[in-house]
Amino acid sequence: MLFQLQFSERLPTIMEELSELLLQRRRKVDALWEAGINPYPNDFKPQHTSADVRDAYGAVEVIEENPQTFVVAGRILMRRSFGKAAFVQMQDRKGRIQLYLKKDVLGDDLFAEFEDYDLGDIVGAVGTPFRTKTGELSLAVTEIRLLTKALLPLPEKFHGLTDVETRYRQRYVDLIVSPEVREVFFKRSRIVSLIREFMTNRDFLEVETPMMQQIPGGATAKPFITHHNALDMDLYLRIAPELYLKRLVVGGLDRVFEINRNFRNEGISVRHNPEFTMMEFYQAYATFEDLMNFTEELLCHVAQEVLGTLDFSYGGQPISFQRPWQRFTVKEAILHYGDIDAKSLEDRDLAYAYAQRLGLELPEDVGYGRLITEIFEEVAETKLIQPTFITNYPTEVSPLSRKNDHDPDYVDRFEFFCAGREMANAFSELNDPRDQKERFLAQVAAKAKGDEEAHYMDEDYIRALEYGLPPTAGEGIGIDRLVMLLTDSPSIRDVILFPQLRKEAK
RNA sequence: GAGCCGCUAGCUCAGUCGGUAGAGCACCUGACUUUUAAUCAGGUGGUCGUUGGUUCGAUCCCAACGCGGCUCACCA
């Protein structure tokens, strides 16, 4: 086995057109094999991380004579050599630690081997902590070993990797050299964990529902289509889990949540990736008003834990999560941020004329509900910098929401905005199967008229409602956008490890 | 899908009013046993995104295309 591996590794390199720089590294690997050294061993077990060293000695000013020995492993990022000694900066999953190597400690042979290491190589080292003249905590290395040879050189140490295309395509390089990028994804993981913990503590059950659906439902969006060969059936990648989660509430799982991907076949922008992560949750016997309070509690908890404060900034704008958060109805927001009086806004034709002045291109027979929703999005959405709940959405644009008891033209729904973006959408659920069927039929009619994003009829969902969905409120929170907000990231691509790009140009 | 901007060494960037390119880092050689973007001396490294066009000559001017960024449209 070892022989085969060495044999294959030592086959003459196919003469690709490689620069001298790249050929040098390959020759080093050949030389290692020839010297009987495996450049890719897998028998070194690190017992500590850089954080263990910091935790144990970071606060110790004067380190005693016989400190603890640490066994660490990581990637070499920097080296400063002095002939018979060298400083090396090594990075592992917890951060960076400086290693100090001396020829008289390592011996001539091992030191010579070390001198052939390159930036980017992965090494294992044994050493004891000490402080350098300048006070930096370092490990005085007694043993070091090459664990993985790197064939490609790392980006420059000072400017790092700034080419955004390379950062997204080769995220592995970005993560190696950009501590602030690592930090964003550590925070993302922490945010998701906190949400999961918060939900679980409130007795919500985490579930997973189909990503591949025969009828894409639960949102107004264009789906991706795929095909199952054995069933010879087209399937849609889900645009939302909503209808499945509510089926579970029918089934008696009356507090459920799911954190997972949705897929929407739409444009890509700093706010949109074709696949994105949502948390959706449903709570029986709750109303959309309960969920406003719930949302405040959840997001304040997450912000406090992740940032240590409720006051932070996004893109240079101060944001305060201090409660209570402001609340407007759709119409109040239009009147507040737009340039139309209350009486005119109530008049469909005058409102339509206003929409035209705003440059909105709407069909002449557009319904009043959709009309004022479009006006709201145009005049108010980007101005909602501080956390804001918007309520009183028209029934026309809310085919899955419960009608308001006092005004059936509006539904018991809110959307949550912050930093000028929609972050969440929630409503008391429509659980009257006959009403739901009529709403679906209206959507089907709209689809027949060419509305690509109108909902499909879902007969099984109606059947589920006929068994009885308890009074329920549900909400979806955009995780990527929340992470953007809490990490001050200008683009959704900065919070998604592998954002969608076109195929790489040759 | 449209508009604008960008693409030069492994990385970060200069540059050529058209005469086939430079720097810093990295790498190689040498000096150096406490550095912090270590320092000092010398050196290697490029089909200037791709394909055409104009021209005696194109990395530079023009066109198309590719990829990326931003804005707009669609949307969460």
Side-chain angles (χ1 to χ4, degrees), chain A residues 17-25 27-28 76-89 96 98-106 111 115-120 130-138 140 150-170 173-174 176-178 218-222 239-240 262-280 359-361 374 377 381 415-417 421-425 452-453 476-482 484 490-494 499 501-506:
Chain A
E17 300 218 358
L18 292 175
S19 69
E20 189 55 34
L21 191 66
L22 303 183
L23 283 173
Q24 278 170 5
R25 295 271 185 122
R27 288 194 202 104
K28 278 190 183 180
I76 296 177
L77 294 185
M78 278 199 220
R79 178 170 54 185
R80 291 179 277 273
S81 287
F82 292 82
K84 296 189 182 67
F87 292 94
V88 161
Q89 199 166 63
R96 298 178 179 179
Q98 180 167 270
L99 308 180
Y100 182 54
L101 301 96
K102 289 203 284 189
K103 192 172 192 172
D104 58 7
V105 172
L106 293 180
F111 195 79
E115 286 187 301
D116 259 346
Y117 293 175
D118 290 297
L119 302 191
F130 74 106
R131 284 206 182 272
T132 65
K133 266 183 192 166
T134 52
E136 178 159 349
L137 181 63
S138 308
L151 291 179
L152 294 174
L154 291 176
E156 194 218 353
K157 62 189 173 191
F158 187 56
H159 299 91
L161 187 60
T162 63
D163 181 87
V164 286
E165 181 174 358
T166 310
R167 288 188 42 228
Y168 297 149
R169 286 193 197 282
Q170 300 181 45
V173 180
D174 197 24
I176 290 167
V177 300
S178 312
T220 303
K222 279 174 241 160
I239 55 177
N262 289 341
F263 306 86
R264 298 191 185 172
N265 203 342
E266 286 153 1
I268 294 175
S269 77
V270 290
R271 275 163 255 111
H272 301 87
N273 193 62
E275 53 182 307
F276 63 101
T277 302
M278 288 264 288
M279 175 176 75
E280 275 201 24
L360 296 174
E361 287 176 28
E374 297 271 353
E377 286 172 3
E381 183 162 345
E415 287 197 0
F416 170 63
F417 294 85
R421 290 174 191 155
E422 184 187 341
M423 310 286 296
N425 179 22
E452 278 186 85
E453 297 181 353
I477 298 176
I479 299 298
D480 312 277
R481 289 186 180 178
L482 178 62
M484 286 170 71
S491 170
I492 198 169
R493 295 182 200 98
D494 297 326
L501 300 175
R502 290 176 201 273
K503 72 180 179 199
E504 195 170 350
K506 283 293 169 191

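All values below were derived from every heavy atom in this structure, side-chain atoms included, with hydrogens, water molecules and symmetry-related copies excluded. Only a predicted model underlies this, so the values are computations on that prediction, with no experimental measurement involved.
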Tell me what A:Lys103 touches on the nucleic acid: a base, only sugar-phosphate, or nothing, going by heavy atoms under 4.0 Å. nothing
With A:Phe417, which residues qualify under ring pair (Phe, Tyr, Trp, His ring centres under 6.0 Å), at least two apart? A:Phe376
Scan A:Asp163 against the nucleic acid and name what it touches under 4.0 Å (heavy atoms): base, sugar-phosphate only, or nothing. sugar-phosphate
Residues two or more places apart in sequence or in another chain: which of them pass salt bridge (charged side-chain N to carboxylate O under 4.0 Å, His left out) with A:Glu156? none
Have a look at A:Leu152 and tell me which of A:Leu21, A:Val173, A:Leu22 forms a side-chain contact (heavy atoms from CB on, under 4.5 Å) with it. A:Leu22
Run the salt bridge (charged side-chain N to carboxylate O under 4.0 Å, His left out) test against A:Glu165 and tell me which residues pass, sequence neighbours left out. A:Arg169
In whole Å, measure the gap between the P atoms of B:rA14 and B:rA9 for me. 12 Å
Does OP1 or OP2 of B:rU34 have a side-chain N or O of A:Lys102 closer than 4.0 Å? no
P atoms of B:rU12 and B:rG69, separation to the nearest Å: 15 Å
With A:Lys28 via salt bridge (charged side-chain N to carboxylate O under 4.0 Å, His left out) - residues at least two apart: A:Asp118
Which part of the nucleic acid does A:Val177 contact within heavy-atom distance under 4.0 Å: base, sugar-phosphate only, or nothing? nothing
With respect to the side chain of A:Lys28, which nucleotide from B:rU12, B:rC28, B:rA76 is positioned closest? B:rC28
Between B:rU35 and A:Arg131, is there an OP1 or OP2 to side-chain N/O distance shorter than 4.0 Å? no
Separation of the P atoms in B:rC60 and B:rU20, to the nearest angstrom: 14 Å
Have a look at A:Gly476 and say if it touches a base, only the backbone sugar-phosphate, or nothing, with a 4.0 Å heavy-atom cut-off. nothing
Between the base of B:rU34 and the side chain of A:Glu136, is one N or O donor paired with an acceptor at under 3.5 angstrom? no
Any base atoms under 4.0 Å from A:Arg167, or only sugar-phosphate, or nothing? Heavy atoms, all strands. nothing
In whole angstrom, give me the gap between the C1' atoms of B:rU54 and B:rG68. 29 Å
Pair up each side-chain donor or acceptor in residues 79-86 of chain A with any protein partner under 3.5 Å, not counting sequence neighbours, and list the distances.
{"unit_1": "A:Arg79", "atom_1": "NH1", "unit_2": "A:Tyr117", "atom_2": "O", "d": "2.9"}
{"unit_1": "A:Arg79", "atom_1": "NH2", "unit_2": "A:Tyr117", "atom_2": "O", "d": "3.1"}
{"unit_1": "A:Arg80", "atom_1": "NH2", "unit_2": "A:Gln98", "atom_2": "OE1", "d": "3.4"}

Once hydrogens and angles are ignored, does a donor-acceptor distance under 3.5 Å link the base of B:rU12 to the side chain of A:Thr162? no
By the definition side-chain contact (heavy atoms from CB on, under 4.5 Å), identify the one residue from A:Val88, A:Ile76, A:Leu77 that meets it with A:Leu119. A:Ile76
Rounded to whole angstrom, note down the C1' distance from B:rG53 over to B:rG10. 33 Å
Indicate whether OP1 or OP2 belonging to B:rG69 is found under 4.0 Å from a side-chain N or O atom of A:Arg493. yes
I'd like to check A:Leu161 versus A:Thr166 (side-chain heavy atoms, cut-off strictly below 4.5 Å). Are they in contact? yes
side-chain contact (heavy atoms from CB on, under 4.5 Å) with A:Glu377: which residues, sequence neighbours excluded? A:Thr373, A:Glu381
To the nearest angstrom, the CG-C1' distance between A:Asp116 and B:rU29 comes to 13 Å
Report the stems of RNA chain B as range-with-range entries sorted by first number; a stem here is at least three consecutive pairs, Watson-Crick or G-U wobble, both distances under 3.5 Å, and write none if there are none. B:1-7 with B:66-72, B:10-13 with B:22-25, B:27-31 with B:39-43, B:49-53 with B:61-65
Nearest whole angstrom, please: distance from the C1' of B:rG69 to the CG of A:Leu501. 11 Å
Any chance you could measure A:Met279, atom CE, to A:Ile477, atom CD1, to the nearest 0.5 Å? 4.0 Å
To the nearest Å, how far apart are A:Lys503 NZ and B:rU50 P? 18 Å
Taken to the nearest whole Å, CG/A:Leu22 to C1'/B:rA26 is 12 Å
B:rA58 and B:rG15, which share atom name C1', separated by this distance in whole Å: 15 Å
Please indicate yes or no: is the ring centre of A:Phe82 less than 5.5 Å from the centre of the six-membered base ring of B:rU33, with the two planes inclined by under 30 degrees? no
Contact class for A:Glu422 vs. all strands (heavy atom < 4.0 Å): base, sugar-phosphate, or nothing? sugar-phosphate
With sequence neighbours excluded, what pairs up with A:Arg167 under the salt bridge (charged side-chain N to carboxylate O under 4.0 Å, His left out) test? A:Asp174, A:Asp494
Contact class for A:Met278 (heavy atom, under 4.0 Å): base, sugar-phosphate, or nothing? nothing
For nucleotides 39-47 of chain B, read 5' to 3', which letter fits each nucleotide if B means a protein heavy atom sits under 4.0 Å from the base, S means only the sugar-phosphate is that close, and - means neither? -----S---
Who passes side-chain contact (heavy atoms from CB on, under 4.5 Å) against A:Lys222, sequence neighbours left out? A:Asn265, A:Glu266, A:Glu452, A:Glu453
Polar pairs (N or O, both sides) under 3.5 Å between protein and nucleotides 72-74 of chain B?
{"unit_1": "B:rC74", "atom_1": "O2", "unit_2": "A:Gly267", "atom_2": "N", "d": "3.3"}

What's the CG-P distance between A:Leu77 and B:rA26, to the nearest Å? 13 Å
Between A:His159 and A:Thr132, which residue's closest nucleotide on RNA chain B lies nearer the 5′ terminus? A:His159
Between B:rC11 and B:rA26, how many Å separate the two P atoms, rounded to a whole number? 15 Å
Have a look at A:Asn265 and say if it touches a base, only the backbone sugar-phosphate, or nothing, with a 4.0 Å heavy-atom cut-off. nothing
Separation between the C1' atoms of B:rA38 and B:rG49, rounded to whole Å: 37 Å
Counting any heavy atom closer than 4.0 Å, what does A:Arg25 reach on the DNA or RNA strands: base, sugar-phosphate only, or nothing? nothing
Residue whose closest nucleotide on RNA chain B lies nearer the 5' end, A:Gly83 versus A:Leu119: A:Leu119
Could I get the full list of ring pair (Phe, Tyr, Trp, His ring centres under 6.0 Å) partners for A:Phe276, not counting sequence neighbours? none
Quick check: does any side chain N or O of A:Arg264 sit under 3.5 Å from a backbone N or O of A:Ile239, one acting as donor and the other as acceptor? yes
d(A:Arg502 CZ, A:Ile268 CD1) to nearest 0.5 Å is 8.0 Å
Here the distance between atom C1' of B:rA9 and atom CG of A:Leu23, to the nearest Å, is 15 Å
Heavy atoms only, 4.0 Å cut-off, all strands: where does A:Leu152 land among base, sugar-phosphate and nothing? nothing
Have a look at A:Tyr168 and say if it touches a base, only the backbone sugar-phosphate, or nothing, with a 4.0 Å heavy-atom cut-off. sugar-phosphate
Quick one: A:Leu161 CG to B:rC25 C1', roughly how many Å, whole number? 14 Å
With stacking defined as ring centroids separated by under 5.5 Å and planes differing by under 30°, is A:Phe276 stacked against B:rA76? yes
